[in-house]
Peer 1: 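First the structure, which I've put down as structure tokens, then a few questions once you've had a look.
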Amino acid sequence: MHQRFEQYMKIGYPCINRTLECSGNSTFRLKSYSQERLIKTVENNLDGLLQMLKFNVKKKILFFRITSDLVPFASHEINDLDWQSYFKDEFKEIGEYIIQNDIRISMHPDQFIVLNSNKDGVYHNSVEELRYHAQVLNLLGLKEDAKIQLHVGGVYGDKGKSMERFAERYRELDDEIKKRLIIENDDVSYTLKNCLEINEMCGVPVLFDSFHHEVNSSGESIGEALTKVCGTWNASDGLPMVDYSSQEPGEKKGKHGESMDEEDFKEFICRSRPHDFDLMLEIKDKEKSALRAVEILSEDGRFEPS
DNA sequence: TCACGTCAAGCAGAT
DNA sequence: ATCTGCTTGACGTGA
């Protein structure tokens, strides 16, 4: 018999809610920077974030990825606002809501953050941007199970060296960043196997992205992959996080789906058993698919793979 | 009001 | 060489 994993697995979606009017990721052009504009934008984003979380709780969506645009230009030199102090109370209020409702939180710095870059400037800026992400999660008062997920980075014609450089730089990070950072297999360069090798070098937990694994596979079945990644998470890291998506029909291989392929999703859930984890749906219609996933999991845990 | 060129930032692969 | 996609298009000028 299947255990009732659906009681534990949380479903989430990234950053944006298309049902609500509000958003947590509004920004503006660097050219239009002013402290006033920044304050207004962040106020709006924090308010939007809380509204999205409340929507999610009502719908039993208890995993959420907070956008990196929450504080625009947070790590940019133009930023002259002590935003951490200025918005301390707002962050605290949102964080208390998250904790009271047992919401799991992740963040995903965007493509410009390349820890293993062969350019010093890119490396430096990446660390500053990671610091910003860690500060957001700290201001929310979240434990170290709130994670910052990152791709390994560039290859620069020598994958082995570039993996070693990642591991070295990971070891050198401040603990505030290191305790939250996790790596994710990507769709073009670093496979699941590569990520597991980096875990052996430096201990960084590995997030399994099932769709990237289809597109850029190192051969493991879903069951094998989950067994291996789950071994990279410590108790203090919380339940492992997994990203799920499926192919958009008729589009280039690797293109994320616009909406959920329900049969593919059910099959993934079946194949994933008996592992337990929190599941982020990287599907373009966002909360709509997340809602459907919550329904599917609560309907009946006994569906079988086709 | 709306069309559309452009946006802080990197990298790989396709065209 | 230039364009596209990436966890997410959206800002803002000019007509």
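Note on naming: letters A, B, ... go to the chains in the order of the sequence lines (proteins, then strands), and numbering restarts at 1 for each one.
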Peer 1: Per the side-chain hydrogen bond (donor to acceptor under 3.5 Å, both in side chains) rule, what does the pair list look like for residues 50-59 of chain A, sequence neighbours excluded?
Peer 2: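 Qualifying pairs: A:Tyr13-A:Asn56, A:Asp47-A:Gln51.
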Peer 1: Can you find a side chain N or O atom of A:Ser117 that sits less than 4.0 Å from OP1 or OP2 on B:dC11?
Peer 2: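 So the side chain of A:Ser117 is within the cut-off, an N or O lying under 4.0 Å from OP1 or OP2 of B:dC11.
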Peer 1: Are there over 12 heavy-atom neighbours, none belonging to A:Lys286, within less than 6.0 Å of that residue's NZ?
Peer 2: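 Result for NZ/A:Lys286: enclosed.
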Peer 1: Determine the interatomic distance between P on C:dG12 and the same-named atom on C:dT8; round to the nearest Å.
Peer 2: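 C:dG12 and C:dT8 have their P atoms separated by 22 Å.
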Peer 1: Would you call A:Phe112 stacked on B:dG10, i.e. ring centres under 5.5 Å apart with the planes less than 30° off parallel?
Peer 2: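 A:Phe112 ring does not meet the centre or angle cut-off for B:dG10; no stack.
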Peer 1: Whole-Å distance between B:dA8 C1' and A:Tyr132 OH?
Peer 2: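 It is 13 Å, rounded to the nearest whole Å.
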Peer 1: Are any of the side-chain heavy atoms of A:His151 and A:Tyr190 separated by less than 4.5 Å?
Peer 2: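 Side-chain contact under 4.5 Å: no.
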Peer 1: Find the distance A:Met163:CE to B:dC11:C1' and express it as a whole number of Å.
Peer 2: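 Value for this atom pair: 17 Å.
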Peer 1: Checking base pairs now: Watson-Crick or wobble, both atom distances under 3.5 Å. What partners B:dA8?
Peer 2: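 The answer is none; no pair meets the criterion.
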Peer 1: What is the distance, to the nearest angstrom, from the CZ atom on A:Phe211 to the C1' atom on C:dG5?
Peer 2: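 Those two atoms, CZ and C1', are 12 Å apart.
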Peer 1: Between B:dC11 atom P and A:Asn125 atom CG, what is the distance in whole Å?
Peer 2: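 These atoms are roughly 11 Å apart.
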Peer 1: Figure out the NZ/C1' separation between A:Lys159 and B:dC11, and round it to whole Å.
Peer 2: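 The answer, rounded to whole Å, is 14 Å.
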Peer 1: Is it true that a side-chain atom of A:Glu248 and a backbone atom of A:Glu258 form a donor plus acceptor pair closer than 3.5 Å?
Peer 2: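 Flag set: sc A:Glu248 to bb A:Glu258 pair under 3.5 Å.
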Peer 1: Rounding to an integer number of angstrom, what distance separates C:dT7 and B:dC4 when you compare their P atoms?
Peer 2: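 Rounded to whole Å, the distance is 29 Å.
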Peer 1: Roughly how far apart, to the nearest Å, are B:dA8 and C:dT13 at atom P?
Peer 2: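 Nearest-Å result for B:dA8 against C:dT13 at atom P: 12 Å.
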Peer 1: In this structure, is the centre-to-centre distance between the rings of A:Phe208 and A:Trp233 below 6.0 Å?
Peer 2: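 When the ring centroids of A:Trp233 and A:Phe208 are compared, they turn out to be at least 6.0 Å apart.
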Peer 1: Applying a 4.0 Å non-hydrogen cut-off, can you work out what A:Phe73 is touching in the nucleic acid: base, sugar-phosphate, or nothing?
Peer 2: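 Base, at least one base heavy atom under 4.0 Å.
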Peer 1: A:Lys253 has an atom NZ; how far is it from atom P of C:dG5, in whole Å?
Peer 2: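 Atom-to-atom, A:Lys253 to C:dG5, this comes out as 18 Å.
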Peer 1: Between C:dC3 and B:dG5, how far apart are the two P atoms, rounded to whole Å?
Peer 2: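 Per the computed distance, 12 Å lies between those P atoms.
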Peer 1: Could you tell me which nucleotide pairs with C:dT8 by Watson-Crick or G-U wobble geometry, both distances under 3.5 Å, or answer none if nothing does?
Peer 2: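 Paired with C:dT8, as far as the under-3.5 Å criterion goes, is no nucleotide at all.
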Peer 1: Whole Å only: how far is the CG atom of A:Leu115 from the P atom of B:dC11?
Peer 2: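 After rounding, the reported distance stands at 12 Å.
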Peer 1: Just jot down the salt bridge (charged side-chain N to carboxylate O under 4.0 Å, His left out) partners of A:Glu224, sequence neighbours excluded, or say none.
Peer 2: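 In terms of salt bridge (charged side-chain N to carboxylate O under 4.0 Å, His left out), with neighbours along the sequence ignored, A:Glu224 is linked to no residue.
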Peer 1: With the sugar-phosphate defined as primed atoms, P, OP1 and OP2, and the base as all remaining atoms, what B/S/- string results for nucleotides 7-15 of chain C, 5' to 3', for protein heavy atoms under 4.0 Å?
Peer 2: BBSBBS---
Peer 1: Any chance NZ of A:Lys159 has more than 12 other-residue heavy atoms, nucleotides or ligands included, within less than 6.0 Å?
Peer 2: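 Yes, the 6.0 Å shell around NZ holds more than 12 heavy atoms from other groups.
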Peer 1: Whole-Å distance between C:dC6 C1' and A:Asp186 CG?
Peer 2: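 These atoms are roughly 10 Å apart.
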